[in-house]
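By convention in this document, chain letters (A, B, ...) are assigned in the order of the sequence lines, proteins followed by strands, and residues within each chain are numbered from 1. Just so it is clear, the values below take in all heavy atoms, side chains as well, and ignore hydrogens, waters and symmetry mates.
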2 protein chains.
Amino acid sequence: MVSERNNKKNYQCPVEATLDVIGGKWKPLILWQLRGEKLRFSGLRQNMQGISPKMLTKQLRELEADGLVFREVYPEIPPRVEYSLTEFGKTVIPVLEALCEWGNGYLGRECILGKNEGAKTSERLSQ
Amino acid sequence: MVSERNNKKNYQCPVEATLDVIGGKWKPLILWQLRGEKLRFSGLRQNMQGISPKMLTKQLRELEADGLVFREVYPEIPPRVEYSLTEFGKTVIPVLEALCEWGNGYLGRECILGKNEGAKTSERLSQ
DNA sequence: CGGAATCCAACTCGATACTG
DNA sequence: CAGTATCGAGTTGGATTCCG
C-alpha cells in the first residue's frame, strides 16, 4: 500500500495534492539534494542529520510512487542503489525555489538564523 | 503558547519554514479564501466542509501569529469577527498559485477529478 | 456568533536492532 | 550497503459539548 501511494485522494484543491507530494519534513531536502546529481542512500542520509533509515526509505518510496524519483538498483555486492529525479520530478524544482524564497523572506522578518545577504534566492537550502 | 507560534524553530531550510506557515490541511484553503475578501468565521467555515470550529480557530490563530492574517473584532451583539490578509499575507498568494499549478499538473498526469481544460492556472482552488 | 474545553483516534516520526 | 522489523513517544486532527 505504499507503492500505490494514497491513490490520489480527494483533495479539496491541487495545493493540497502538491503539499502531500513534496511537503513534510524530509521530502524537500531529498528533492533538493537530487536536483543536480544522482545520490546513493547513504549519500542522501549524510546530508540529513537525524533521519532514520526507515524514514528515508519511506520518503523515497513515496516519491518514487509519485513519479518524482527514479530508483536504480545495481545488482552488485555490496549493493548499490542510486536515486535521481525523473523528468517530472525536475518540474518541482521551481516550486521549491519559490517556497524557499518566500521562506527566506518570512524568516528575515524578525528572526535571524544567520543573515543571508547576497543569497537572496535559494542558497540556504543547499546547506 | 499558541500566540507565540513555535518561535521559528531551527528549520533545516527555508522551505521547511514556509511549509510550516502555509502548509497543512487547512491553511492553503483559508489563505486562498481570504485572497480577495474579508471573511467572517462562519463564512470561512462554510467553504471548508468538515472542519471543526476548534481546528479553524487554531489555524487562524497560527496564521495570525505568523503575521499573515489580520483579525478584527467588532464589539457588537451578536459578535462579529472579520479575517483578512495582511500585506505580508498577500505575498503568499503567488506561492500558492505556484503550488496550485504544479498540483494540477500532478493530478492531471493520470488521475481525473474532473478535467480542467481551459483552466490551466489556479481556477481549481477557488471551487 | 464565535469561539473554548475536553476527550480521543489516527497518523507521524524517531530510536534501536537486525538482515540479505 | 541498503535497507527491514519492532516499539513507542509525540503530534495532529476530529467529535462533542458548553460559554459570553
*For the student: nearest non-hydrogen atoms of Cys100(B) and Pro14(A), plus distance*: O-CB, 3.4 Å
*To the nearest Å, how far apart are Leu19(B) CG and dT11(D) P?*
19 Å
*So what is the end-to-end bend of the helix from dC1(C)-dG20(D) to dG20(C)-dC1(D), with 5 pairs used at each end and the value given to 10 degrees?*
50°
*asked:* Can you measure Glu16(A) atom CD to dG13(D) atom P for me and round it to whole angstrom units?
replied: 11 Å
*Nearest whole angstrom, please: distance from the P of dG13(D) to the CG of Leu60(B).*
14 Å
*Could you state the atom-to-atom distance from CG of Leu39(B) to C1' of dG2(C) in whole Å?*
15 Å
*Tyr106(A): which of Thr18(B), Asp20(B), Asp66(B) passes side-chain hydrogen bond (donor to acceptor under 3.5 Å, both in side chains)*: Asp66(B)
_nucleotides 14-20 of chain C: protein proximity per nucleotide (B base, S sugar-phosphate only, - neither; heavy atom, under 4.0 Å)_ = BB----B
*How is Tyr83(B) classified with respect to the nucleic acid when contacts are heavy atoms under 4.0 Å: base, sugar-phosphate, or nothing?*
sugar-phosphate
_Over all atoms of both residues, closest heavy-atom pair of Leu63(A) and Val21(A)_ = CD2-O, 3.7 Å
*For the student: nearest non-hydrogen atoms of Lys27(B) and Ile22(B), plus distance*: CB-O, 3.7 Å
*From the list dC1(D), dG2(C), dG3(D), which nucleotide is the closest neighbour of the side chain of Val81(A)?*
dG3(D)
*Smallest separation among heavy atoms of Arg45(A) and Pro53(A), with atom names*: NH2-CD, 3.3 Å
_Is there a side-chain contact between Ser42(B) and the phosphate of dG2(C), meaning an N or O under 4.0 Å from OP1 or OP2?_
yes
*asked:* Do Val73(A) and Phe41(A) land in one hydrophobic cluster if side-chain heavy atoms of ILVMFWY residues count as linked below 4.5 Å?
replied: yes
*State whether Arg61(B) places a side-chain N or O below 4.0 Å from either non-bridging phosphate oxygen (OP1 or OP2) of dG3(C).*
yes
_Atom-to-atom span, NZ of Lys27(A) to C1' of dC13(C) - whole angstrom_ = 13 Å
_From the set dA2(D), dG2(C), dC13(C), return the single nucleotide nearest to any side-chain atom of Gln59(A)._
dC13(C)
*Interatomic distance, Glu82(A) CD vs dC1(D) P [rounded to whole Å]*: 14 Å
*Residue pair Leu29(B) / Glu16(A), side-chain heavy-atom distance below 4.5 Å*: yes
*To the nearest Å, how far apart are Asp20(B) CG and dT12(D) C1'?*
13 Å
*Given atom NZ of Lys58(A) and atom P of dT6(D), what is their separation to the nearest angstrom?*
17 Å
*Between Glu72(B), Arg71(B), Gln33(B), Glu37(B), which is the residue that forms a side-chain hydrogen bond (donor to acceptor under 3.5 Å, both in side chains) with Tyr83(B)?*
Arg71(B)
*asked:* Do Phe70(B) and Val81(B) sit in one hydrophobic cluster, given that two such residues count as connected whenever their side-chain heavy atoms are within less than 4.5 Å of each other, even indirectly?
replied: no
*Would one find a side-chain N or O of Arg40(B) under 4.0 angstrom from OP1 or OP2 of dG2(C)?*
yes
